[in-house]
Amino acid sequence: MLILKKTKKKKKVIVFIQQSPQILNFICITSKILLMVSPETSSSNYQLSPMAKYAGARTRPVICFSDVVLFLGGAFMSLILVWSFFSFSSISPNLTVKTNESSAKCSPEIDMKYDPTDPVYYDDPDLTYTIEKPVKNWDEKRRRWLNLHPSFITGAENRTVMVTGSQSAPCKNPIGDHLLLRFFKNKVDYCRIHGHDIFYSNALLHPKMNSYWAKLPAVKAAMIAHPEAEWIWWVDSDALFTDMDFTPPWHRYKEHNLVVHGWPGVIYNDRSWTALNAGVFLIRNCQWSMELIDTWTGMGPVSPEYAKWGQIQRSIFKDKLFPESDDQTALIYLLYKHREVYYPKIYLEGNFYFEGYWLEIVPGLTNVTERYLEMEREDATLRRRHAEKVSERYGAFREERFLKGEKGGKGSKRRPFVTHFTGCQPCSGDHNKMYDGDTCWNGMIKAINFADNQVMRKYGFVHSDLGKTSPLQPLPFDYPDEPW
């Protein structure tokens with residue numbers, strides 16, 4: 001990294017270098033090349049100046065001085081090259097630079113093989129991953145780890161690890177394991193497209209924290225295991241992404257530590273236990289969140305007052321259907337009773353389907369498909385075949401061209417972001433009695449195939465019938481402008 005005095009213009013250069021991996025790497029290589037082409041290391045095949053012929057007779061101080069001059073010369077030349085980038089849009093595609101192992105270390109890419117021996121919180125025997133013991137000074141611990149692993153700092157602002165899971169035993173529902181596999185594949189697809197890591201837990205991390213409470217031990221363990229991640233994204237096993245292009249509006253959550261689908265009026269005016277849904281949430285990897293998990297867990301099965309908490313919740317939220325304390329009502333309780341503590345840091349996202357009720361969404365998926373195909377017929381950019389790795393470029397283009405300012409939710413022309421099959425219980429099969437099982441299972445297949453089409457188009461195929469998983473249909477070259 002170049003070290004310059006912090007004048008305004010030079011500070012801009014440093015930022016530009018830091019944000020341009022190719023430039024930084026080129027600077028490193030240029031400097032190393034100039035150092036290597038010193039008289040001591042040059043090949044005998046090169047024509048040297050008369051003075052260079054006697055280089056071997058020089059004393060060591062002179063050699064060191066020469067190295068310094070060469071290095072500074074290389075740095076100066078590199079700086080000139082950087083300034084030239086303000087005038088030229090890109091390096092010529094014909095310029096190929098061969099890098100070696102030492103020069104690659106100059107690159108700002110994440111180094112997953114580097115872990116210094118300096119002590120960090122992992123070396124503290126008193127720190128545990130379990131929910132019984134609180135974690136103290138987490139922000140400081142995480143900051144120290146990042147400082148010792150600087151390659152992870154770039155991009156850390158919104159780096160995300162998705163966490164999901166299911167039960168450890170086989171499903172009772174004959175098609176339950178198949179459905180959960182496809183739900184998991186959907187999450188893996190979304191994470192691959194958008195560069196997120198994903199962790200799947202199919203075992204209880206605490207024997208008492210089962211069912212909907214099992215997420216909290218998994219989330220806390222993921223926070224400790226991933227200090228490089230700013231956000232942990234919990235997604236229930238029965239929720240799936242039905243807009244594979246959409247990315248959360250991270251800027252909106254800059255001052256918040258928890259993002260969940262919900263509505264303030266339903267919490268504080270209606271006092272309903274469905275005022276938010278805790279099946280999908282983003283939680284910031286910070287001390288505030290550690291303390292929230294401790295308090296939240298205190299209303300769960302590990303608490304000696306677990307039965308009492310169920311009674312308290314039902315006394316406030318009259319529409320709560322069952323007597324046990326649950327994670328969702330517990331979170332609503334904290335927002336309701338301690339508004340000044342939690343509301344400023346919890347973002348209740350209601351502008352789009354951060355998670356959406358499946359019965360509102362599934363019947364309209366065919367119409368949504370046609371609306372998006374119409375966008376593609378109108379603009380050839382969206383019909384262009386492209387690598388999956390650059391999918392975000394086309395999602396951003398569609399957003400700007402057709403969806404800018406369009407809110408999500410019921411009646412929107414947007415795809416629903418996340419469709420949540422609450423009440424269906426795909427594994428056990430013990431679905432809500434207000435609808436039959438076939439409605440759930442068929443709806444799941446339709447939504448899964450709807451999402452899968454967005455992925456498989458990058459591979460040249462689609463499900464021609466959303467009700468059938470296989471076989472897939474190969475696409476014409478200019479689909480959908482070119483007919484089947």
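We're numbering straight along the sequence, starting at 1. Every value quoted in this text rests on a predicted model; they were computed, and no experiment measured them.
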Run the numbers on D123 and V120 for side chain to side chain contact (heavy atoms under 4.5 Å, CB included), then give the verdict. CA-CA 6 Å; D123 302 300; V120 292; 3.7 Å; yes

As a quick check of understanding, evaluate side-chain hydrogen bond (donor to acceptor under 3.5 Å, both in side chains) for N449 and R182, giving each step before the final call. CA-CA 10 Å; N449 288 340; R182 295 203 65 196; 2.9 Å; yes

Residues Y253, N158; criterion side chain to side chain contact (heavy atoms under 4.5 Å, CB included); working and verdict: CA-CA 10 Å; Y253 313 140; N158 292 317; over 6 Å; no

Are F317 and Y333 close enough, and set up right, to give a side chain to side chain contact (heavy atoms under 4.5 Å, CB included), and what steps lead you there? CA-CA 9 Å; F317 309 105; Y333 174 86; 4.1 Å; yes

From CA spacing to verdict: side chain to side chain contact (heavy atoms under 4.5 Å, CB included), L403, M375: CA-CA 10 Å; L403 299 171; M375 296 176 196; 3.8 Å; yes

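Screening N202, T164, L179 for a side chain to side chain contact (heavy atoms under 4.5 Å, CB included) with F184, the sole residue that qualifies is T164. Here the rule is side chain to side chain contact (heavy atoms under 4.5 Å, CB included) with F246, and of F241, Y353, F352 only F352 fits it.
Side-chain atoms of D139 and W288 form no donor-acceptor pair, as typed in the model, at a separation below 3.5 Å. Between the side chains of S303 and E305, no donor-acceptor pair is found at a separation under 3.5 Å. A donor-acceptor pair shorter than 3.5 Å cannot be found between the side chains of T297 and D294. If you check the side chains of T381 and R401, you find no donor sitting under 3.5 Å from an acceptor. For the residue pair S272/D319, the side-chain donor-acceptor check at 3.5 Å is satisfied. Neither side chain, H226 nor D197, offers a donor N or O lying under 3.5 Å from an acceptor on the other.
Here the side chain of R398 pairs no donor or acceptor atom with the backbone of L382 at under 3.5 angstrom. Checked by atom type and distance alone, the side chain of T295 pairs as donor or acceptor with a backbone atom of E291 at under 3.5 Å. A donor-acceptor pair is defined here as one N or O able to donate and one able to accept, closer than 3.5 Å; no such pair exists between the side chain of N285 and the backbone of I232. Using modelled atom types, one side-chain atom of E349 and one backbone atom of N351 make a donor-acceptor pair closer than 3.5 Å. Listed for the W213 side chain is a donor-acceptor partner under 3.5 Å among the backbone atoms of S325. Although no hydrogens or angles enter the test, the distance criterion places a donor-acceptor pair under 3.5 Å between the side chain of Q454 and the main chain of T242. Distance alone, capped at 3.5 Å, is enough to place a donor-acceptor pair between the H194 side chain and the M244 backbone. Using a distance-only test at 3.5 Å, with no hydrogens or angles considered, no donor-acceptor pair links the side chain of E388 to the main chain of M456. In this structure, the side chain of H431 does not engage the main chain of G423 through any donor-acceptor pair within 3.5 Å. Between the side chain of K187 and the main chain of A239, a donor-acceptor pair closer than 3.5 Å is present.
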Under 3.5 Å, side-chain donor or acceptor atoms of residues 363-370 against the rest of the protein: list the pairs with distances, not counting sequence neighbours.
from	atom 1	to	atom 2	distance (Å)
T369	OG1	L365	O	3.0
E370	OE2	R377	NH1	2.9

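Shown here for S391 and I193, the closest heavy-atom pair between the two residues is CB-CG2, 4.0 Å. Nearest approach of D236 to W234, heavy atoms of both residues: OD1-NE1, 2.7 Å. For the residue pair Y479 and R457, the shortest heavy atom distance occurs at O-NH2, 3.5 Å. Scanning both residues, P227 and Y122, for their nearest heavy atoms gives CD-OH, 3.3 Å. When all heavy atoms are compared, the tightest approach of D326 to Q328 is OD2-N, 3.1 Å. Annotation for H420 and G279: closest pair CE1-CA, 3.9 Å, computed over non-hydrogen atoms.
The residues E255 and R284 are annotated as not salt-bridged, no charged nitrogen and carboxylate oxygen being separated by less than 4.0 angstrom. We find that K215 and D327 are joined by a salt bridge, their nearest charged nitrogen and carboxylate oxygen being less than 4.0 Å apart. Salt-bridge check for D189 with R192: passed, with a basic side-chain N closer than 4.0 Å to an acidic carboxylate O. A salt bridge does not link K413 to E374: none of the charged side-chain nitrogens sits closer than 4.0 Å to a carboxylate oxygen. The existence of a salt bridge linking E157 and K254 is excluded, since no basic side-chain nitrogen approaches an acidic carboxylate oxygen closer than 4.0 Å. Looking at R415 and D245, a side-chain N of the basic residue comes within less than 4.0 Å of a carboxylate O on the acidic one, giving a salt bridge.
Looking at heavy atoms from C-beta onward, K220 lies out of side-chain contact with L205 at the 4.5 angstrom threshold. In this structure, L359 and Y435 have side chains that are in contact, with non-hydrogen atoms separated by less than 4.5 Å. Counting heavy atoms from C-beta outward, I448 and K185 have side chains that stay 4.5 Å or more apart. Side-chain contact between C171 and L180 is present, with at least one heavy-atom pair separated by less than 4.5 Å. Residues F461 and P471 form no side-chain contact, since every pair of their non-hydrogen atoms from C-beta on lies 4.5 Å or further apart. Looking at L240 and F421, their side chains come closer than 4.5 Å, going by heavy atoms from C-beta outward. The closest side-chain heavy-atom distance from L334 to I346 is not below 4.5 Å. By the 4.5 Å heavy-atom criterion applied to side chains, F477 and R385 are counted as neighbours.
In this structure, OH on Y268 lies 4.5 Å from CG on L335, to the nearest 0.5 angstrom. Rounding to the nearest 0.5 Å places CE of M444 at 11.0 Å from OG1 of T439. To the nearest 0.5 Å, atom CG of residue N257 and atom NZ of residue K345 are 5.0 Å apart. In this structure, the separation between CD1 on I312 and OG1 on T329 is 12.5 Å, given to the nearest 0.5 Å. The CG atom of L276 lies 11.5 Å from the CZ atom of F354; values are rounded to the nearest 0.5 Å. One finds the CD atom of Q425 at 7.0 Å from the CG atom of D238 (value rounded to the nearest 0.5 Å).
For Y342 and W296, the distance between ring centers is not under 6.0 angstrom.
Residues passing the salt bridge (charged side-chain N to carboxylate O under 4.0 Å, His left out) test with E140: none are found, sequence neighbours excluded.
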